[in-house]
Amino acid sequence: MKSTPENKFRCCSHCHRTLPIEEFYIVNKRTGKHDAYCKACRRLMNRLRQHPDEETESEARPRLSLIFQENDPERRMQLILQACRVMRESVMRKQMRMREEEEDK
């Protein structure tokens, strides 16, 4: 996603959140190009590069896009449908396990 004067939001390449353009550092002052990573992710990457042994809470968790933070309605619907599909599959696996346990008894 290119950042133009008309475009007030940008998607971070690391956490995949859509944030206001003010949440990104300016890489080139002459052209006005903004960084691909948000300020929070850039700070995290810099800290991990300087202190590689340090493990942070956000690194321990997988990077997942939060549905309620998604501004794009189409992307939000994709995330909702994916979550429903994952839950449905999980319930089906659990039901199968329970049936197999009952049959074994």
Side-chain angles (χ1 to χ4, degrees):
M1 178 186 273
K2 299 271 185 201
S3 62
T4 61
E6 302 87 32
N7 194 358
K8 301 291 182 195
F9 292 93
R10 187 175 175 101
C11 183
C12 176
S13 296
H14 187 257
C15 64
H16 303 290
R17 291 183 300 162
T18 303
L19 300 168
I21 200 73
E22 293 82 27
E23 292 295 317
F24 295 85
Y25 290 113
I26 296 177
V27 177
N28 189 333
K29 290 182 182 180
R30 186 176 56 83
T31 61
K33 183 176 178 189
H34 289 83
D35 195 1
Y37 305 116
C38 66
K39 290 180 180 181
C41 291
R42 182 57 72 189
R43 280 192 295 266
L44 175 65
M45 286 188 260
N46 287 340
R47 184 176 39 203
L48 291 175
R49 187 178 53 223
Q50 292 172 0
H51 307 285
D53 299 333
E54 180 181 318
E55 183 176 327
T56 63
E57 179 183 332
S58 62
E59 188 184 61
R61 290 183 289 163
R63 288 182 295 140
L64 298 175
S65 179
L66 299 176
I67 295 171
F68 65 88
Q69 289 181 344
E70 187 62 46
N71 293 330
D72 181 22
E74 291 179 18
R75 176 74 174 135
R76 182 181 293 155
M77 185 54 70
Q78 288 175 347
L79 291 171
I80 290 170
L81 292 174
Q82 179 183 0
C84 289
R85 192 169 36 253
V86 167
M87 289 301 297
R88 190 172 25 252
E89 291 170 359
S90 175
V91 169
M92 288 174 52
R93 282 193 305 270
K94 186 171 184 175
Q95 288 174 345
M96 294 272 295
R97 264 196 317 264
M98 291 174 67
R99 284 188 205 127
E100 289 173 359
E101 288 176 1
E102 287 178 4
E103 291 175 357
D104 290 341
K105 289 182 181 180

Co-members of Y37 in a cluster of I, L, V, M, F, W and Y side chains, linked at under 4.5 Å: M45

Residues in salt bridge (charged side-chain N to carboxylate O under 4.0 Å, His left out) contact with R76, at least two apart in sequence or another chain: none

R10 CZ to T18 OG1 distance, which is reported to the nearest 0.5 Å: 11.0 Å

Spacing of Q95 atom CD and R99 atom CZ [to the nearest 0.5 Å]: 5.5 Å

Within-4.5 Å side-chain heavy-atom neighbours: C38 and R17: yes

Show which side-chain atoms of residues 22-31 pair as donor or acceptor with protein atoms under 3.5 Å away, not counting sequence neighbours.
unit_1 : atom_1 : unit_2 : atom_2 : d
N28    : OD1    : R30    : N      : 3.0
N28    : OD1    : T31    : N      : 3.4
T31    : OG1    : K33    : N      : 3.4

Residue pair Q78 / E74, side-chain heavy-atom distance below 4.5 Å: no

Set of side chain to side chain donor-acceptor pair (under 3.5 Å) partners for N46, sequence neighbours left out: R49

Euclidean distance, K39 NZ relative to H34 NE2, rounded to 0.5 Å: 8.5 Å

R97 side chain near K94 side chain, heavy-atom distance below 4.5 Å: yes

Separation of N71 CG from F9 CZ (nearest 0.5 Å): 6.0 Å

Closest approach of R42 to D35 (non-hydrogen atoms, all atoms of both residues): NE-OD2, 2.8 Å

Apart from V86 itself, residues in the same hydrophobic cluster as defined by side-chain heavy atoms under 4.5 Å: none

Salt bridge (charged side-chain N to carboxylate O under 4.0 Å, His left out) contacts touching residues 78-92 (sequence neighbours left out): none

Connected-component partners of M77 among ILVMFWY, side-chain separation under 4.5 Å: L81

